[in-house]
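Heavy-atom basis, side chains included; hydrogens, waters and symmetry copies ignored. Counting convention: from 1, in listed order, for ligands and their atoms alike.
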Amino acid sequence: MSGNEFAGKVAIVTGGTSGIGAAVVEALCERGAAVVFCGLRDGSGEDLESILKARHLEARFSHADVRSDDEMAGLVAGCLRNYGRLDLAVNNAGISHPAAKLADIPPEIFRDVMRTNAEGVFLAMRHEIPAMIKGGGGAIVNVASILARRGAPWMAAYGASKHAVLGLTLSAARDYAAAGLRVNAVLPGPVATPMLEQALFDIAGDESKYAGGFPPCGPGTPDDVAAAILFLLGAAAGYINGAALVVDGATSAA
Ligand SMILES: NC(=O)c1ccc[n+]([C@@H]2O[C@H](COP(=O)([O-])OP(=O)(O)OC[C@H]3O[C@@H](n4cnc5c(N)ncnc54)[C@H](O)[C@@H]3O)[C@@H](O)[C@H]2O)c1
């Protein structure tokens, strides 16, 4: 990956205020992209924007909620207004839920997880794709999970939402391959972020309730996942479309 590989490119990152998304925002900016990112964490989006601007990198925070079709339309419209194009998107915003067996998951939690993780990716792509095609094509990476391909004990809502993210990714890849668009997914295992901290706190050290399991080398870092995402966005991945790249330190290799 060249130091300036994404110079002249314009990117959207959802959930860019924390964890994996924040690492992607920083890595894309450092490699020359202009990045518009959203998230719900009060203050941290503005802080990240200021830190990157102080380094003369081009980043803009927008407080957009991926559960809202209007706000996703506004995010993409703002990007086109400010930069005139959209080349890259990383649909990463997501939430988890307290560990519980399926019948004990309240319907409102199931719905919010599905709305954020699954419908959020649909709504983001619904607006990103026409903007990218207008500019001649582009690349999208959706952040799923290793739970997109297996059962998720104690995490049925989260697991279902990530199966949906993978399904949307594969369908979009087929729908738009001829239009110059590539749509791939990353499937991370455990990654040291606020989401993982909260999950470990919720299960009070009982790792049998952590659906995906842990690899011998311990959790990955946000930068580990960002590196895989940037690879899939970049020119070296030009013929990779509709792929699901596992980034889990061998958690799911067993
Ligand atoms: N951390 C892990 O172990 C792990 C493993 C596999 C997959 N993932 C996935 O990676 C992605 C990022 O997770 P993370 O671990 O960095 O979590 P995180 O909690 O650190 O960050 C989540 C981000 O999503 C944003 N967000 C949440 N709801 C939103 C909404 N409705 N609209 C806009 N933004 C919203 C938050 O503001 C934040 O910026 C998620 O999709 C998650 O499911 C994480």
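For atom 3 (O) of ligand 1, the choice among V191, V25, I20 with the nearest heavy atom turns out to be V191. When the heavy atoms of V143, V24, I146, N92 are ranked by distance to atom 41 (O) of ligand 1, first place goes to N92. In the candidate list T116, L75, V113, V247, T116 is nearest to atom 28 (N) of ligand 1, counting heavy atoms.
To the nearest 0.5 Å, the span separating CD1 on I129 from CG on L86 amounts to 10.5 Å. Expressed to the nearest 0.5 Å, how far CG of L52 lies from CZ of R60 amounts to 13.5 Å. Going from atom OG1 of T14 over to atom CE of M125 covers 11.0 Å, rounded to the nearest 0.5 Å. Here D112 contributes atom CG and R67 contributes atom CZ; the two are 5.0 Å apart, rounded to the nearest 0.5 Å. Atom CG in N142 sits 4.5 Å away from atom CG in N91 (nearest 0.5 Å). Distance check: E128 CD to L88 CG gives 10.5 Å after rounding to the nearest 0.5 Å.
Heavy-atom contacts of G19 reach the following atoms of ligand 1: 16 (O), 20 (O) (cutoff under 4.0 Å). Of all the atoms in ligand 1, the ones that sit under 4.0 Å from a non-hydrogen atom of I95 are 27 (C), 28 (N). Annotation for ligand 1: atoms under 4.0 Å from non-hydrogen atoms of D65 are 30 (C), 31 (N), 32 (N).
Using a distance-only test at 3.5 Å, with no hydrogens or angles considered, no donor-acceptor pair links the side chain of R126 to the main chain of M72. E71 places a side-chain N or O within 3.5 Å of a backbone atom of D65 that can act as its donor or acceptor partner. The closest donor-acceptor contact from the side chain of D248 to the backbone of P188 lies at 3.5 Å or more, if one exists at all.
Among the atoms of V66, some N or O lies under 3.5 angstrom from an N or O of ligand 1. At under 3.5 Å, not a single nitrogen or oxygen of C38, backbone or side chain, sits near a nitrogen or oxygen of ligand 1. An N or O contact shorter than 3.5 Å is missing between N117 and ligand 1 by distance. By the 3.5 Å distance cut-off applied to N or O atoms, S18 is counted among the residues near ligand 1. Remark: ligand 1 and P190 share no N or O pair separated by less than 3.5 Å (distance only, no angle test).
Using a non-hydrogen distance threshold of 4.0 Å, Q198 does not register as a contact of ligand 1. Distances from ligand 1 to the non-hydrogen atoms of T14 include no value under 4.0 Å. Residue contacts with ligand 1 include Y210, since one of its heavy atoms falls under 4.0 Å from the ligand.
Counting only heavy atoms of the protein, atom 14 (P) of ligand 1 lies nearest to T193 OG1, 3.6 Å. For atom 7 (C) of ligand 1, the closest non-hydrogen atom of the protein is A144 O, 3.2 Å. In terms of protein heavy-atom proximity, atom 35 (C) of ligand 1 is closest to A93 CB, 3.6 Å. Among protein heavy atoms, the minimum distance from atom 5 (C) of ligand 1 is reached at G189 O, 3.1 Å. The protein atom (non-hydrogen) at minimum distance from atom 33 (C) of ligand 1 is A64 O, 3.4 Å. Atom 29 (C) of ligand 1 has as its closest protein heavy atom L40 CD1, 3.5 Å. In this structure, the protein non-hydrogen atom closest to atom 39 (O) of ligand 1 is T17 OG1, 2.6 Å. Nearest protein neighbour of atom 25 (C) of ligand 1, counting heavy atoms only, is G15 CA, 3.5 Å.
At a heavy-atom cutoff of 4.0 Å, ligand 1 is contacted by no atom of L187, backbone or side chain.
Minimum interatomic distance between D224 and V247 (heavy atoms only, all atoms of both residues): O-CG1, 4.0 Å. A160 approaches F110 most closely through the heavy-atom pair CB-CE1, 4.4 Å. Residues I109 and P98 come closest through the heavy atom pair CD1-CD, 4.4 Å.
By the neighbour-count criterion of 12 heavy atoms within 6.0 Å, atom CZ of R174 is sparsely surrounded, having that number or fewer from other residues, nucleotides or ligands.
Taking the charged nitrogens against the carboxylate oxygens, K209 and D202 have no contact shorter than 4.0 Å, which rules out a salt bridge.
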